[in-house]
Protein chains: 2
Amino acid sequence: MEQLHNISSEQELVIHKARKRVIESIGKNMDLYGISQSIGHLYGLLFFQNKPMTLDAMGEAMEMSKTSMSTGVRTLVDLKMVNKVWEKGSRKDLYEVELDWFQTFADYFSLKWRKALEINLSSLRKSRLELSQLGQQFPDDTELHAVLQTDIAKIDEAIRYYRWLDRLIDSFENGDIYNLVPKELPDEK
Amino acid sequence: MEQLHNISSEQELVIHKARKRVIESIGKNMDLYGISQSIGHLYGLLFFQNKPMTLDAMGEAMEMSKTSMSTGVRTLVDLKMVNKVWEKGSRKDLYEVELDWFQTFADYFSLKWRKALEINLSSLRKSRLELSQLGQQFPDDTELHAVLQTDIAKIDEAIRYYRWLDRLIDSFENGDIYNLVPKELPDEK
DNA sequence: TATAACGTACAGTTTTTTCTGTACAAACGG
DNA sequence: CCGTTTGTACAGAAAAAACTGTACGTTATA
């Protein structure tokens, strides 16, 4: 954890304990973001770092190998939870957390949801087409049409859901969600 | 996969292929829901099943052990993605998917987000209190206050985010989200 | 109450993921 | 242009997760 200068060790103890609680809490709940506990812990560590951190410093603080820090921090950068920053004079790569958690949240779920949406929607549409073509090929086959109807109905409902999800994701991406659910509650009397 | 009666094998092949594509697509993207690929696959299987399914039938279709089906289906039930249904005359447990994907989506993320929110918010508040008390204990220590200020500012911003997330989850739970982002787009001219 | 069928706890195995140390390529400084 | 430093690819070790078969408790039915 970050070195605190000019702070008595008694005070430092309280601060470290307070930080540690939050760091570990964050680390544990990072599975939400599809991240292992130790990478979540790394994120928490960076959160309380008041200046950009090097891989070596991370490794020391986490008591883990530099290799793990390298891969871990890359995961976090890919998810836009951590940013690589440049500092002249330093040859080392430096990283710091993205402090805007609204953005982090929206970025992550936009990314993941849209990826799943696109793949699934594409499969659903392709299969729907095949099934409806099969139906047209045998217009008089009642048994067949009964089966097709239930399958197509399910697919249509799934597509309807994904169309909605698409709009929800849009609102995350363009920030409309903050008009719908405001960041700040208007002052209540 | 479900047995299709009175359907020619040629037709059955097309249907199975169409279903299989969707099932596998769903299975692959279920990691979003923190679910392993095979449990995701099980979910996909149940999706196209037109009647409730027993553990034995699942095991046969998935070519997996009954034990795995038991634990897998329990995971899905816990997530409210699958419902246990009763059928008189049958001693076996029967399961079917929850077809309302809007509900499944809202239930899942409400559950996960709220759990993380509660734990993290609690840690943040506890640590914030400790830090602010430490500040009050040493009112004249400028160095200390500088450190505390940055930490508390970060914590406050995190709390602000969680308060927003709390309201977003509320909208998922009470259905307001569908007023904000409607299920159906009003007809466009 | 006895019997049989069912679901799951549990222990062991296999598979996957995470983590580490070594080695090397790229970038920089002298 | 050579020696250092830095980040990461890669292979192997350690840890975790997924999966299976057996055994057993529970429940429904005879």
Side-chain angles (χ1 to χ4, degrees), chain A residues 23-24 26-46 49 51-79 81-96 112, chain B residues 23-24 26-46 49 51-79 81-96 112:
Chain A
I23 290 172
E24 287 179 358
I26 290 174
K28 269 183 201 137
N29 289 109
M30 273 298 199
D31 59 316
L32 249 182
Y33 290 92
I35 278 173
S36 72
Q37 186 154 332
S38 64
I39 298 185
H41 200 280
L42 174 62
Y43 177 85
L45 175 74
L46 287 167
Q49 215 64 21
K51 55 185 189 308
M53 204 173 190
T54 67
L55 291 178
D56 288 305
M58 294 176 209
E60 198 174 342
M62 297 278 296
E63 296 181 25
M64 283 176 72
S65 72
K66 198 176 174 181
T67 304
S68 294
M69 296 302 99
S70 177
T71 58
V73 94
R74 178 161 41 170
T75 304
L76 292 170
V77 168
D78 287 347
L79 295 175
M81 291 178 177
V82 163
N83 300 312
K84 194 172 186 167
V85 294
W86 289 102
E87 211 168 79
K88 63 177 179 184
S90 173
R91 282 168 58 186
K92 301 191 181 189
D93 292 356
L94 293 162
Y95 299 91
E96 67 184 4
K112 292 289 175 179
Chain B
I23 290 173
E24 287 179 359
I26 290 174
K28 268 182 201 139
N29 290 109
M30 274 298 201
D31 58 316
L32 250 182
Y33 291 92
I35 278 174
S36 73
Q37 186 155 331
S38 64
I39 298 184
H41 200 278
L42 174 62
Y43 177 85
L45 176 74
L46 286 168
Q49 215 63 22
K51 54 184 190 307
M53 205 172 187
T54 67
L55 292 178
D56 288 306
M58 293 176 209
E60 197 174 343
M62 297 279 295
E63 295 182 24
M64 284 175 69
S65 72
K66 197 175 174 180
T67 304
S68 295
M69 296 302 99
S70 176
T71 57
V73 94
R74 177 160 44 169
T75 304
L76 292 170
V77 168
D78 287 347
L79 295 175
M81 291 177 177
V82 163
N83 300 310
K84 194 171 186 169
V85 294
W86 289 101
E87 211 169 77
K88 64 178 177 184
S90 173
R91 283 166 60 183
K92 303 191 181 189
D93 292 356
L94 293 162
Y95 299 91
E96 66 184 3
K112 293 288 174 175

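Letters go in sequence order (proteins before strands), and every chain restarts at 1. Basis for what follows: all heavy atoms, side chains included, without hydrogens, waters or symmetry-related copies.
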Original post:
Could you go step by step and tell me if B/Asp56 and B/Lys66 meet the side chain to side chain contact (heavy atoms under 4.5 Å, CB included) rule?
Top reply: CA-CA 6 Å; B/Asp56 288 306; B/Lys66 197 175 174 180; 3.4 Å; yes
Subject >> Nearest-angstrom distance from the residue atom CG of A/Asp93 to C1' of C/dA27 >> reply: 11 Å
Original post:
Nearest-Å distance, CZ (B/Arg74) to C1' (C/dT8)?
Top reply: 7 Å
Subject >> Of the listed nucleotides C/dG7, C/dT20, D/dT8, the one nearest the side chain of A/Ser70 >> reply: D/dT8
Original post:
Could one point to a donor on the side chain of A/Thr67 or the base of C/dG21 with an acceptor on the other under 3.5 Å away?
Top reply: yes
Original post:
How long is the span from the CD1 atom in B/Ile39 to the CZ atom in B/Arg74, to the nearest 0.5 Å?
Top reply: 10.5 Å
Original post:
Between B/Leu94 (CG) and C/dG7 (C1'), how many Å, whole number?
Top reply: 13 Å
Original post:
side chain to side chain contact (heavy atoms under 4.5 Å, CB included) between A/Val73 and A/Met53: does it pass, once the steps are laid out?
Top reply: CA-CA 11 Å; A/Val73 94; A/Met53 204 173 190; over 6 Å; no
Subject >> N/O donor-acceptor pair under 3.5 Å between A/Thr75 side chain and A/Thr71 backbone >> reply: yes
**OP:** Begin with the C-alpha distance, continue with both residues' side-chain angles, and end with the deciding distance and a verdict on side chain to side chain contact (heavy atoms under 4.5 Å, CB included) for A/Asn83 and A/Val77.
**Re:** CA-CA 6 Å; A/Asn83 300 312; A/Val77 168; over 6 Å; no
Subject >> Any donor-acceptor N/O pair under 3.5 Å between D/dT5 base and A/Arg91 side chain >> reply: yes
**OP:** Return the value, rounded to whole Å, for the distance between atom CG of A/Asp56 and atom C1' of D/dT5.
**Re:** 10 Å
Subject >> Rounded distance in Å - NZ (B/Lys88) to C1' (D/dA28) >> reply: 17 Å
Subject >> Whole angstrom value for the distance that separates P of C/dC19 from CD of A/Glu63 >> reply: 14 Å
Original post:
Can you find a pair of side-chain heavy atoms, one from A/Lys28 and one from A/Gln37, that are under 4.5 Å apart?
Top reply: yes
**OP:** In whole angstrom, give the distance that lies between atom CG of B/Leu55 and atom C1' of C/dG7.
**Re:** 7 Å
Original post:
For C/dG7, does either OP1 or OP2 sit under 4.0 Å from a side-chain N or O belonging to B/Lys66?
Top reply: yes
Subject >> side-chain N/O A/Ser68 vs C/dC19 OP1/OP2, d < 4.0 Å >> reply: no
**OP:** Check DNA chain D against residues 31-44 of chain B and give the residues with a non-hydrogen atom under 4.0 Å, in numerical order.
**Re:** B/Ser36, B/Ser38
Subject >> Residue whose closest nucleotide on DNA chain C lies nearer the 5' end, B/Lys84 versus A/Met64 >> reply: B/Lys84
Original post:
Do the side chains of B/Leu46 and B/Met81 get nearer than 4.5 Å, heavy atoms only?
Top reply: no
Original post:
D/dT8 P sits how many Å from A/Lys92 NZ, rounded?
Top reply: 14 Å
